[in-house]
Asker: 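Take this structure first; my questions come after.
Chain naming here is simple, since letters A, B, ... match the order of the sequence lines and numbering starts at 1 in each.
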There are 2 protein chains.
Amino acid sequence: MTTADRPSLLLVEDDAVLGPLIAELLDPDYRVQLVTNGRDGLHHGLTGAWDVMVIDRGLPVMDGIALIAALRSKGIATPILILTALGDADEKIRGLDAGANDYVTKPFDAGELAARLRALTRTFPSPAPAPVAIGDWELDPTQRSVRSVYGHTVSLTAKEGQLLAALAAEPGRVFTRDELLAAYFHASDQPGVIDTYVHHLRRKISKAVIRTVHGLGYQIGDAHE
Amino acid sequence: MTTADRPSLLLVEDDAVLGPLIAELLDPDYRVQLVTNGRDGLHHGLTGAWDVMVIDRGLPVMDGIALIAALRSKGIATPILILTALGDADEKIRGLDAGANDYVTKPFDAGELAARLRALTRTFPSPAPAPVAIGDWELDPTQRSVRSVYGHTVSLTAKEGQLLAALAAEPGRVFTRDELLAAYFHASDQPGVIDTYVHHLRRKISKAVIRTVHGLGYQIGDAHE
DNA sequence: CCAGGCGTTTAAGAAACGCTTAAGAAAGTG
DNA sequence: CACTTTCTTAAGCGTTTCTTAAACGCCTGG
């Protein structure tokens with residue numbers, strides 16, 4: 001997962017034409033995930049770490065208002081913008097009071113939508129991703145450092161952090177050098193780079209954290225204990 | 001300051017009829033202070049502790065957009081709603097990008113305005129103007145000076161104070177240059193400005209206060225144990 | 001047990017990044 | 001309006017990080 005990318009946006013829109021259109025419209029500025037009904041919206045909204053959500057008022061399976069109320073009741077504080085054809089004042093009041101932060105009616109101006117999204121993301125800084133546990137250590141991706149269970153903190157470089165995060169993402173799985181290379185380094189790099197960074201990590205953290213699988217690659221934790 | 005009463009609302013509206021009308025409309029839910037020009041708006045906005053502001057787009061003495069930009073550049077983060085007759089998309093974009101959080105066009109529905117204000121005040125649970133401790137230093141709430149534990153006082157410029165306050169607001173968190181830039185400087189500024197102010201702060205206060213995280217940004221406190 | 005492959009460790013050049021300085025532009029002040 | 005302070009840009013230089021490469025040691029199959 002790349003960290004310093006565009007903000008992530010969850011778009012819940014059932015219209016088969018409008019959905020992809022809006023997604024494309026927002027694509028230059030956001031990493032857009034499009035889902036087409038309320039149930040999927042709820043699932044993604046609860047499980048993903050979104051910077052902002054755009055939700056259609058009228059949705060199949062689960063209504064937009066109900067979706068927002070459900071998300072808010074679960075403690076999701078992500079800014080939400082309602083996008084809908086229903087423009088009368090009572091509808092707006094109901095949507096905003098359900099927990100939405102803004103309300104835009106179709107037809108909408110693309111620039112205005114973008115500006116309103118900017119205003120929302122500006123005031124709600126993205127929540128920090130959760131730290132990853134690795135044996136006796138804890139990796140904080142936002143800070144690029146690992147802290148041992150007894151308070152000692154070691155700071156990592158960008159590549160060291162990416163490599164460690166990649167391995168820790170699926171404990172027990174063996175990653176080949178080529179997999180790691182393709183995901184986090186330049187395509188032109190030699191597979192030997194990985195060895196070098198594994199060495200750096202072992203020196204900084206502890207030798208036992210990363211295990212070598214001879215002839216295959218590297219692995220973290222969870223072998224057969 | 002703020003009692004456990006209704007939230008405080010600063011209304012900047014020059015129309016002699018509409019101003020008192022809106023004030024009366026909002027009176028059941030807010031403690032409304034009405035001023036009728038941009039200069040007074042700026043003065044009240046800077047000196048008072050407001051929960052939310054409603055600002056007219058077209059104002060005598062100082063334009064609404066200019067007023068908002070001025071408030072934001074001084075570090076005022078209070079939610080702002082623009083209320084205006086100018087409804088075309090470009091105007092909205094300009095207003096929102098100047099730092100407003102919402103934009104309502106006249107004629108407006110009273111219930112919708114109230115709902116949008118609720119959405120704004122709900123999401124911003126009122127600022128906490130507490131003095132901030134930074135290592136051996138204490139940052140004055142006015143953000144214009146720091147005092148060391150042994151009485152020595154150093155005065156800061158506005159930007160220096162804002163930068164330090166931003167970093168100190170979340171000790172341990174790493175802020176990227178872009179985050180700091182977006183929050184407290186003009187959008188057109190180069191990220192390098194941050195480096196310059198970090199240098200100024202380190203010279204005025206002490207080198208150890210602000211930590212560099214290579215490739216990411218800057219951080220205060222909470223890293224070396 | 002030996003040989004060849006594979007992994008580990010070091011070192012060093014290249015590239016990216018941050019620090020510092022200086023100077024012009026803008027804003028504030030009397 | 002002139003003066004001072006503050007803000008912003010840009011460029012040179014030093015440091016950290018990235019990548020390559022080569023020497024050395026360990027593992028595994030025959």
Asker: Give the C-alpha distance, both sets of side-chain angles, the deciding distance and a yes or no for salt bridge (charged side-chain N to carboxylate O under 4.0 Å, His left out) between B:R118 and B:D29.
Answerer: CA-CA 10 Å; B:R118 279 197 297 278; B:D29 300 317; 5.3 Å; no

Asker: I need the OH-P distance between B:Y218 and C:dC17, as an integer number of Å.
Answerer: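 The answer, rounded to whole Å, is 13 Å.
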
Asker: What integer distance in Å separates B:R203:CZ from D:dT6:C1'?
Answerer: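 It is 13 Å, rounded to the nearest whole Å.
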
Asker: Side chain to side chain contact (heavy atoms under 4.5 Å, CB included) with A:A165: which residues, sequence neighbours excluded?
Answerer: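 Per chain and number, A:A165 pairs via side chain to side chain contact (heavy atoms under 4.5 Å, CB included) with A:L139.
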
Asker: With a 3.5 Å distance limit and no angle check, can you tell me whether B:R202 reaches the backbone of B:I210 through a side-chain donor-acceptor pair?
Answerer: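 Looks like yes, one N/O pair under 3.5 Å.
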
Asker: Starting at CZ of B:R211 and ending at P of C:dC19, how long is that distance when rounded to a whole Å?
Answerer: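 So the two atoms are 12 Å apart, to the nearest Å.
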
Asker: Is the distance from OP1 or OP2 of C:dT21 to the nearest side-chain N or O of B:H199 less than 4.0 Å?
Answerer: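 So the side chain of B:H199 is within the cut-off, an N or O lying under 4.0 Å from OP1 or OP2 of C:dT21.
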
Asker: Would you list the pairs meeting salt bridge (charged side-chain N to carboxylate O under 4.0 Å, His left out) in which at least one residue belongs to residues 52-68 of chain B, sequence neighbours left out?
Answerer: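 Passing the test, one end in residues 52-68 of chain B: B:D56-B:K106, B:R57-B:D63, B:R57-B:E91.
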
Asker: Salt-bridged, B:R6 to B:D51, with N to O below 4.0 Å?
Answerer: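 No, B:R6 and B:D51 are not salt-bridged.
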
Asker: Identify the pairs formed between an N or O of the protein and an N or O of nucleotides 28-30 of chain D at a distance under 3.5 Å, and give each distance.
Answerer:
none

Asker: Ring-plane angle category for B:W50 and B:H44, please: parallel below 30°, perpendicular beyond 60°, tilted otherwise.
Answerer: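 Rings of B:W50 and B:H44: tilted, as their planes differ by 30° to 60°.
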
Asker: Work out how much the helix from C:dC1-D:dG30 to C:dG30-D:dC1 bends between its end axes, five pairs an end, to the nearest 10 degrees.
Answerer: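 Axis-to-axis angle, ends of the helix: 40°.
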
Asker: Please identify each residue that fulfils ring-ring contact (aromatic ring centres under 6.0 Å, His included) with A:F175, with sequence neighbours left out.
Answerer: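 Residues passing ring-ring contact (aromatic ring centres under 6.0 Å, His included) with A:F175: none at all.
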
Asker: List in chain and number order the residues that pass ring-ring contact (aromatic ring centres under 6.0 Å, His included) with B:Y30, two or more places apart in sequence or in another chain; answer none if no residue qualifies.
Answerer: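 Testing B:Y30 for ring-ring contact (aromatic ring centres under 6.0 Å, His included), a comparison that skips the adjacent residues, returns none.
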
Asker: Which residues satisfy the ring-ring contact (aromatic ring centres under 6.0 Å, His included) test with B:H43, sequence neighbours excluded?
Answerer: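 Partners of B:H43 under the ring-ring contact (aromatic ring centres under 6.0 Å, His included) test: none.
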
Asker: Without decimals, in angstroms, what is the distance between B:D195 CG and D:dG14 P?
Answerer: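 The distance from CG of B:D195 to P of D:dG14 comes to 18 Å, rounded to the nearest Å.
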
Asker: Closest heavy-atom contact between B:L201 and B:L163?
Answerer: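 Residues B:L201 and B:L163, closest heavy atoms: CD1-CD2, 4.0 Å.
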
Asker: By side chain to side chain contact (heavy atoms under 4.5 Å, CB included), which residues pair with A:H214, not counting sequence neighbours?
Answerer: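 Side chain to side chain contact (heavy atoms under 4.5 Å, CB included) list for A:H214, sorted by chain: empty.
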
Asker: Output one line per pair: protein atom, nucleotide atom from nucleotides 27-30 of chain C, and distance, for all N/O pairs under 3.5 Å.
Answerer:
none

Asker: Can you tell me the distance, in whole Å, between the CD1 atom of B:I210 and the P atom of C:dG18?
Answerer: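 Going from B:I210 (CD1) to C:dG18 (P), I get 14 Å.
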
Asker: Output the rounded distance in Å from CD1 (B:I194) to P (C:dT20).
Answerer: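 Taking CD1 of B:I194 and P of C:dT20, I get 16 Å after rounding.
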
Asker: Could you go over nucleotides 8-11 of chain D and give all protein N or O partners under 3.5 Å, atom names and distances?
Answerer:
from  : atom 1 : to     : atom 2 : distance (Å)
D:dT8 : OP1    : B:H186 : ND1    : 2.9
D:dT8 : OP1    : B:D189 : OD2    : 3.3
D:dT9 : OP2    : B:Q190 : N      : 2.9
D:dT9 : O4     : B:T196 : OG1    : 3.4

Asker: In whole Å, I'd like the distance from the CZ atom of A:R177 to the C1' atom of C:dG5.
Answerer: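 So the CZ-C1' distance, A:R177 to C:dG5, works out to 12 Å.
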
Asker: Under the rule for ring-ring contact (aromatic ring centres under 6.0 Å, His included), what residues qualify as partners of A:H199, not counting sequence neighbours?
Answerer: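 A:H199: no ring-ring contact (aromatic ring centres under 6.0 Å, His included) contacts found.
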
Asker: Report the residues that fulfil side-chain hydrogen bond (donor to acceptor under 3.5 Å, both in side chains) with B:Y197, sequence neighbours left out, ordered by chain and then residue number.
Answerer: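 None.
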
Asker: Whole angstrom is fine here: how far is it from CG in B:L201 over to P in D:dC7?
Answerer: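 The distance from CG of B:L201 to P of D:dC7 comes to 11 Å, rounded to the nearest Å.
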
Asker: Could you please name the option among C:dT8, C:dG18, D:dT6 that lies closest to any side-chain atom of B:T157?
Answerer: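 Output: D:dT6.
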
